[in-house]
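This report refers to the structure that appears directly beneath it.
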2 protein chains.
Amino acid sequence: MVNKNTESPEQKQPLVKPGIKPPPSKVQMDDIARLAGVSVSTVSRALSHSPLVSAKTQVRIAELAASLKYSVNVGAQNLRRGQNRTVAVVIPYDSSSRQHVSDPFFIGMLGSIADALTLQGYDMLLSRIDAERLDLAAQYCDSGRAVGVIVIGQWRHHDQLNELAARHLPLVVWGAELPKQMYCTVGSDNVEGGSLATGHLLKTGRRRIAFFGDTQMPEVAQRFEGYERAHAALGLPMSEELNVVVPFVAEAAREAVKSLVAKKIAFDAIFACSDLLAITAIGALRDVGLSVPNDIAVIGYDDVDMASYCHPALTTIHQSIEVAGRALVDALLAIQRGDEALPNHLPTRLVIRASA
Amino acid sequence: MVNKNTESPEQKQPLVKPGIKPPPSKVQMDDIARLAGVSVSTVSRALSHSPLVSAKTQVRIAELAASLKYSVNVGAQNLRRGQNRTVAVVIPYDSSSRQHVSDPFFIGMLGSIADALTLQGYDMLLSRIDAERLDLAAQYCDSGRAVGVIVIGQWRHHDQLNELAARHLPLVVWGAELPKQMYCTVGSDNVEGGSLATGHLLKTGRRRIAFFGDTQMPEVAQRFEGYERAHAALGLPMSEELNVVVPFVAEAAREAVKSLVAKKIAFDAIFACSDLLAITAIGALRDVGLSVPNDIAVIGYDDVDMASYCHPALTTIHQSIEVAGRALVDALLAIQRGDEALPNHLPTRLVIRASA
DNA sequence: GTGAAAGCGCTAACAT
DNA sequence: ATGTTAGCGCTTTCAC
């Protein structure tokens, strides 16, 4: 009943009037303490399982708290402890075409990251940020809302990411490892993936493999490197005209097919840099009367769920979303602890289905 | 340099030793104040655009803050102001098969909610919660981390949701409006959607329409009601055996098709309660030698991106993800303000493509 | 227009 | 094993 204020007895009026919301009047540690007949310190200690408070009291207080549906105010706790258990996850979007966020692969990763964070007792703050303003992500750290940032997708924003990292905030990016990069990346082994895909096509007799992707993006560039290596390994030639610039939006794949056909460029296979592109390409091929895999073999990348449901079932390069999420989170928490986290190349796997 | 502590001059030692992290030593309001030659109050006021501080000073302080990359500590601000601008978004998962989170529709909604929240100046705390433990969502509010909760997907957890709502936390659920519900829902007009889909099939001459969905879920039950109404409107009979229990996982649709065929139940169309089910069903039909739409017309629900890319392009019921996200957020914020938010039925639209 | 000081809800020395 | 107290970084009254 007694205020902690020991000055004048009548000075009970809080300086700041609380908002006009008495009904949901939050129960707080004070209340628990009063009801339990102990001090707030004891409650605090009990609730954080301090060995200083007897097991008996701990249980009693825990039950009291539960019955009152009391939960420690995390904001106040963080402030006092000077810590924080929240990670910001950022999905960059292209200000012109917000499209790519719909790519099922990124999306799946979100769930996987959420699970990995939960497992470590962290909360996830999700936000989409204009890819041209990635610097805004720093705010989450500057303002103490998050201890670090995971960016899903490197796109062609290497420089911006480097600048972000220069601000010394814990940062991990899903993407490709690049020379002189100041931030930590986690990504699939793109060179290997590209090589696996291309190798499979070559081994099954395809010789004119169209590459669908935008090599301005580091990950795509590395997949293309795998494409080249697979050719080189077998001493087979490549053709410049088969390297088609296709950004990660479905429509682009459709047009790429059309343009190849219109230009009468001969090809007997497509290696698309995402399943989305591959599936759309298959549709476009069908529209022009080409059959998959008889006329054209098609191979994708990611192995999203839909890859096995579509027709023909998609042969593709599998990246494990679960492993990816865990790796991203582990790397971030390591950096935050002050440990060094090296760029991580996750293994890929060829999944052979019907399309190639 | 001087501590606010006016007691003993040598009492500079902070009571609590800061963690061993001097390098990223956070700049705070103190620092800005000192550099600007004003008090923290003035900085605080300037940064929140109080009319009490002159425009000139405001600009000066804003620039100083920007140059030091200072951002007000949101935790402390919230604590002091007794407010909070974070909303928890929960995706329930089935503890046995975490599957459904991969449904592209829910996923898309996430992005749309994120955008709507950002627009309103709110942050989004994302978490997956075991569908059997939805009560855990209350913690986000009890602990002051969030001001309210948006649950994406009602599933068959009406009762649990009601209990959650009984705790008087701002709660909005994506799902169907149910009698005696204590929480606010936002959902598409499922009866209308079901009726549109079925009506289209009936109008195009189909008479034995298999319904793929689990009517234990309120949304599905309402779509089935639309299915019934469409039949009734034309005075056409339905057949019990065509109502197939199919949960929202791809594999289930495949099996439903197989079982229908195995039992030699005649049908000339499928109305599937999600595009995912529809697309998988199409694959399964093909596997047993039935062609779409010639032998069997198939119609889906959601109109996810993939619906237009797959083959044959899917005829489906469109639900606008953007509108949905905005509606969910608007409802939640209204409730939080103390306003009443009525259950919201978003319009649906039939999108006719190739599959029906 | 500005500053001093109290206190948001909590934790952790420090003192018993 | 428990209570007392200072203070985390900020906002806002109150006094000028």
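Quantities reported herein were computed from a predicted structural model and do not represent experimental measurements. Each chain gets a letter, A, B and so on, in the order the sequences are listed, and its residues count up from 1.
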To the nearest angstrom, how far is [X] atom [atom1] from [N] atom [atom2]?
{"X": "A/Arg45", "N": "C/dG9", "atom1": "CZ", "atom2": "P", "value": "20 Å"}
{"X": "A/Gln83", "N": "C/dT11", "atom1": "CD", "atom2": "P", "value": "10 Å"}
{"X": "B/Asn84", "N": "C/dC8", "atom1": "CG", "atom2": "C1'", "value": "13 Å"}
{"X": "B/Gln77", "N": "C/dG9", "atom1": "CD", "atom2": "P", "value": "16 Å"}
{"X": "A/Ile32", "N": "D/dG3", "atom1": "CD1", "atom2": "C1'", "value": "18 Å"}
{"X": "A/Lys26", "N": "C/dC10", "atom1": "NZ", "atom2": "P", "value": "11 Å"}
{"X": "B/Met29", "N": "D/dT12", "atom1": "CE", "atom2": "P", "value": "10 Å"}
{"X": "A/Asp31", "N": "C/dC10", "atom1": "CG", "atom2": "P", "value": "9 Å"}

Discussion item. Contact list please: residues 51-73 of chain A against DNA chain C, heavy atoms, distance less than 4.0 Å, in numerical order.
Written reply: A/Tyr70, A/Val72, A/Asn73
Worksheet item: Residues two or more places apart in sequence or in another chain: which of them pass side chain to side chain contact (heavy atoms under 4.5 Å, CB included) with B/Leu126?
Response: A/Leu110, A/Met124, A/Leu126, B/Val89, B/Ile91, B/Leu110, B/Met124
Item to complete: Just compare C/dT2, C/dC8, D/dT4 and give me whichever is closest to any side-chain atom of A/Ser39.
Response: D/dT4
Discussion item. Measuring from the side chain of B/Gln28 (C-beta onward, heavy atoms only), which nucleotide among D/dT13, C/dG9, D/dC10 has the closest atom?
Written reply: D/dC10
Discussion item. Any salt bridge linking A/Arg85 with A/Asp123? Criterion: basic side-chain nitrogen under 4.0 Å from a carboxylate oxygen.
Written reply: no
Fill in: Residues A/Asp142 and A/Arg167 bridged, charged N to O under 4.0 Å
yes
Discussion item. With nearest nucleotide decided by heavy atoms, which residue, A/Ser44 or B/Val38, maps closer to the 5′ end of DNA chain C?
Written reply: B/Val38
Which residues share a side-chain hydrogen bond (donor to acceptor under 3.5 Å, both in side chains) with [X], sequence neighbours left out:
{"X": "A/Asp159", "result": "none"}
{"X": "A/Tyr140", "result": "A/Ser127"}
{"X": "A/Ser44", "result": "none"}

Practice prompt. Classify the side chain of B/Arg80 and the base of C/dG9 as holding, or not holding, a donor-acceptor pair under 3.5 Å.
Written response: no
Worksheet item: Do the side chain of A/Ser41 and the base of D/dT4 come within less than 3.5 angstrom through a donor-acceptor pair of N or O atoms?
Response: yes
Practice prompt. Using a heavy-atom cut-off of under 4.0 Å over every strand shown, decide if B/Thr42 touches base, sugar-phosphate, or nothing.
Written response: sugar-phosphate
Fill in: Listed partners of B/Arg326 passing salt bridge (Lys or Arg N to Asp or Glu O under 4.0 Å), at least two apart
none
